[in-house]
Amino acid sequence: MADFLTKDKRTHYCGNLDISMASQEVILMGWAHRRRDHGGVIFVDLRDREGIVQVVFNPDAGEDVHGEAHKIRSEFVLAVKGKVRKRPEGMDNPALKTGEIEVIVSELEIMNESKTPPFSFDDEEISENVRLKYRYLDLRRPAIQRNLFLRSRLAAATRRYFEENGFIEVETPFLGKSTPEGARDYLVPSRISKGMFYALPQSPQIFKQLLMVSGFDRYYQIVKCFRDEDLRADRQPEFTQIDVEMSFITEEDIMNMMEGLMKAIFKACLDKDIVLPLPRLTYADAISRYGKDNPDVRFGMEIVDLTAIVKDSGFKLFTEVAASGGVIKAIKAEQASALSRKDLDGLKDFVAIYGAKGLAWAKVNAADWTSPIFKFLKPEEVTGIAKALNAKEGDIIFFVADTPRVVSDSLGNLRLNLGKKLNLIDPDALAFTWITEFPLMEYSETEKRFMSTHHPFTSPFLEDLPLMTTDPGKVRAKAYDLVLNGSEIGGGSIRIHNKEVQSQVFSALKLSNEEARLKFGFLLDALEYGAPPHGGLAFGLDRLTMIMTGAESIRDVIAFPKTQKAACLMTDAPSKVSIEQLMELSLKIVS
RNA sequence: GGGGUCGUAGUUAAGUUGGUUAUAACGCCGGCCUGUCACGCCGGAGGGCGUGGGUUCAAGUCCCAUCGGCCCCGCCA
């Protein structure tokens with residue numbers, strides 16, 4: 001009699017068995033994926049993390065084993081001992097990786113029974129609230145397990161790369177100080193200091209800079225970050241960064257090092273070869289050509305500025321927009337006869353999301369255009385537009401006239417929408433782009449002041465420093481984002497290591513000396529004790545994993561994710577706490 | 001804060017212009033079956049339509065509110 005677990009240990013994973021093990025005795029442990037009970041012979045598909053193998057219970061194996069096998073139901077936990085054998089002639093199952101073989105069971109132990117699971121583990125689409133409530137069962141699905149396995153390999157390859165390149169992993173605190181600027185903080189009340197709060201880090205930004213001041217020279221960390229903002233398909237309130245910082249370097253050094261990381265990761269995880277160096281695009285070019293700072297460059301359909309051509313147009317709307325400082329731009333969908341009149345009208349609603357008040361379109365014919373605005377345009381405008389866009393018969397042109405911001409947003413997103421709709425995107429392509437020369441700060445209408453584009457410690461281009469007081473919006477930052485297939489997977493900058501420059505930036509951000517002192521005093525102090533030139537970058541591990549696995553939601557690459565309301569349907573977090581807990585913290589719920 | 005969409009047996013879905021006891025498939029339970037692999041065959045149980053109001057002779061079907069899932073805008077240095 002086998003003594004599973006203690007003496008008769010597992011010898012193989014189900015999914016790893018193959019024909020070379022024929023006639024070997026094996027011990028397997030796993031879950032009953034499916035059973036086919038023929039009354040006589042009983043087949044069970046036994047599943048573990050590596051895959052599925054068919055195990056066979058023959059009546060002539062003995063009454064004990066066969067009798068026990070009749071009790072097996074979905075998801076029972078089984079241990080079996082038996083012989084691998086090539087399946088009888090014509091009984092192969094090509095759909096199964098192990099379909100050439102099967103295991104003839106001589107001993108069986110039902111290690112645990114299972115309630116009937118609430119859903120099946122086939123490819124069927126189960127609504128997400130059910131999946132998330134029973135996440136531990138959802139995670140049994142091979143598709144999700146594959147994602148988490150890849151995520152683990154990604155983290156391992158990252159650590160290997162940084163260790164090989166002389167980086168040191170240092171842990172930084174989760175209980176930190178709330179800082180202004182940036183995302184909303186998750187707060188943690190202090191019991192010992194009543195009425196005071198820690199904040200969970202939005203990133204270890206300041207700590208990694210301080211580690212450079214300390215002289216560690218090269219730091220990395222795979223670390224959780226927390227931001228209390230609304231969720232999206234690619235955004236969770238807690239997410240993981242690959243965080244990096246280096247001393248005595250320029251942008252070039254950082255970008256080179258990170259390109260090496262990308263190459264190493266994609267080789268290790270997907271066996272794909274990335275060609276270096278990666279292409280670059282300035283922020284200004286990205287916005288003007290693609291309307292976004294995270295352009296998907298897997299396809300063309302670039303935005304073309306028509307303002308100069310139509311500023312004196314017969315079409316009044318164009319003239320008015322141009323006169324009031326707006327712009328008129330267009331994109332061209334090549335040979336887009338697939339788009340019906342109804343589609344075109346629907347797109348008007350689509351750009352409205354981004355603030356566009358209208359969307360003009362024109363179907364290019366041999367001699368003229370089919371377009372609501374054709375009759376308003378002068379002949380030379382029509383030819384000018386056609387030439388600027390290189391438009392041919394069968395193409396459709398889309399125009400938006402509005403403020404530069406609205407035009408970029410709406411055409412940038414319309415471009416993406418059409419790219420998907422017209423199947424212009426190669427799903428296997430890996431299109432990396434560095435975005436460089438970000439503006440250091442942008443004016444916020446809501447805050448009525450300039451705000452950091454990146455963060456307040458980002459170094460400006462030193463030659464732009466004179467603009468800091470005269471035209472702050474024009475100052476370029478030594479910041480860079482890495483974009484992959486239209487998704488921002490990382491971003492970073494050279495930091496300010498000089499107290500003077502840091503003060504100038506704070507003052508441009510309307511952060512008074514006292515405030516800056518209060519919020520970042522320790523950093524300002526540190527900058528006065530021999531801070532080396534330094535800079536770094538952080539990657540979004542979750543988003544990288546999404547792209548590598550083809551996951552459509554960030555929830556599919558996180559073991560226990562939160563819903564759009566930032567709740568965990570399995571544990572029921574967040575939840576109320578007892579009055580005693582609140583009193584201990586001197587907290588009172590006011591609404 | 002706002003826009004959109006969905007919520008009907010365990011699961012996935014159908015449910016006409018409001019009209020008898022709310023359908024189907026899979027799953028589940030029982031029986032039969034020694035080569036299946038989405039096993040097959042026979043039989044059976046299971047929901048009152050997210051929740052709460054309202055309109056109506058009559059409400060999954062219409063109206064209002066509310067809860068929850070998803071997508072998006074704002075937000076995310």
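Lettering of chains follows the sequences in order, A, B, ..., and the numbering in each one begins at 1.
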Query raised in the report: So, is A:T116 near the phosphate of B:G27, with a side-chain N or O under 4.0 Å from OP1 or OP2?
Result: no
Query raised in the report: Does the ring of A:F76 carry A:R35 above it, NZ/CZ under 6.0 angstrom from centre and within 45° of its axis?
Result: no
**Report entry** Mutual orientation of the aromatic rings belonging to A:H70 and A:H66 [parallel < 30°, tilted 30-60°, perpendicular > 60°]
**Finding:** perpendicular
Query raised in the report: Is there side-chain contact between A:Q241 and A:P204, with heavy atoms separated by less than 4.5 Å?
Result: yes
Report summary line: Rounded to whole Å, the CG-C1' distance (A:D572 to B:C67) equals 13 Å
Query raised in the report: Residues two or more places apart in sequence or in another chain: which of them pass side chain to side chain contact (heavy atoms under 4.5 Å, CB included) with A:R476?
Result: A:E437, A:F461, A:E463, A:D464
Query raised in the report: Of all residues at least two apart in sequence or in a different chain, which pass the ring pair (Phe, Tyr, Trp, His ring centres under 6.0 Å) check with A:Y480?
Result: none
Requested in this report: Sort and list the pairs that fulfil side chain to side chain donor-acceptor pair (under 3.5 Å) and have at least one residue in residues 407-421 of chain A, not counting sequence neighbours.
Outcome: A:K292-A:N413, A:R405-A:D409
Report summary line: B/S/- along nucleotides 9-14 of chain B (protein heavy atoms under 4.0 Å) is -SSS--
**Report entry** B:G43 pairs with, by Watson-Crick or G-U criteria that keep both distances under 3.5 Å
**Finding:** B:C29
Query - B:G10 and B:C29, which share atom name C1', separated by this distance in whole Å - result: 13 Å
Requested in this report: Indicate for each nucleotide in nucleotides 1-8 of chain B, in 5' to 3' sequence, whether protein heavy atoms under 4.0 Å reach the base (B), only the sugar-phosphate (S), or nothing (-).
Outcome: B-------
Requested in this report: Please determine, for B:C75, whether a Watson-Crick or G-U wobble partner exists with both distances under 3.5 Å, and give it or none.
Outcome: none
Query raised in the report: Which side chain to side chain donor-acceptor pair (under 3.5 Å) pairs, counting each pair once, include a residue from residues 562-571 of chain A, with sequence neighbours left out?
Result: A:E238-A:K562
Report task. Report, as a single string ordered 5' to 3', how protein heavy atoms within less than 4.0 Å touch nucleotides 34-48 of chain B: B base, S sugar-phosphate only, - not at all. Result -> BBBBSB---------
Report summary line: By side chain to side chain donor-acceptor pair (under 3.5 Å), A:Q202 pairs with (sequence neighbours left out) A:D185
Requested in this report: Classify the side chain of A:R235 versus the base of B:C76 as yes if they form a donor-acceptor pair under 3.5 Å and no if they do not.
Outcome: yes
Requested in this report: Go ahead and name the base partner of B:U5; Watson-Crick or wobble counts if both distances stay under 3.5 Å, otherwise write none.
Outcome: B:G69
Query raised in the report: Can you pull the salt bridge (Lys or Arg N to Asp or Glu O under 4.0 Å) pairs that have at least one residue in residues 500-520 of chain A, sequence neighbours excluded?
Result: A:R517-A:D525
Query raised in the report: Hey, does the side chain of A:R227 come within less than 4.0 Å of B:C75's phosphate (OP1/OP2), counting only N and O?
Result: no
Query raised in the report: In terms of base orientation, is B:G48 syn or anti, with the syn window spanning 90° either side of 0?
Result: syn
Report task. For A:M451 and for A:D409, find the nucleotide of RNA chain B with the closest heavy atom, then tell me which residue's nucleotide is more 5'. Result -> A:D409
Query raised in the report: Listed by chain and number, what are the ring pair (Phe, Tyr, Trp, His ring centres under 6.0 Å) partners of A:F438, not counting sequence neighbours?
Result: A:Y283
Query - Spacing of the P atoms in B:A45 and B:U17 (rounded, Å) - result: 32 Å
Requested in this report: Sequence neighbours left out, what passes side chain to side chain donor-acceptor pair (under 3.5 Å) with A:S444? Give chain and number order.
Outcome: A:T446
Query - ring pair (Phe, Tyr, Trp, His ring centres under 6.0 Å) involving A:Y443 - partner list, sequence neighbours excluded - result: A:F450
Requested in this report: Based on the glycosidic angle (syn within 90° of 0, else anti), state the conformation of B:G4.
Outcome: anti
**Report entry** Proximity to the side chain of A:K565 - top-ranked nucleotide from B:G69, B:C76, B:C73
**Finding:** B:G69
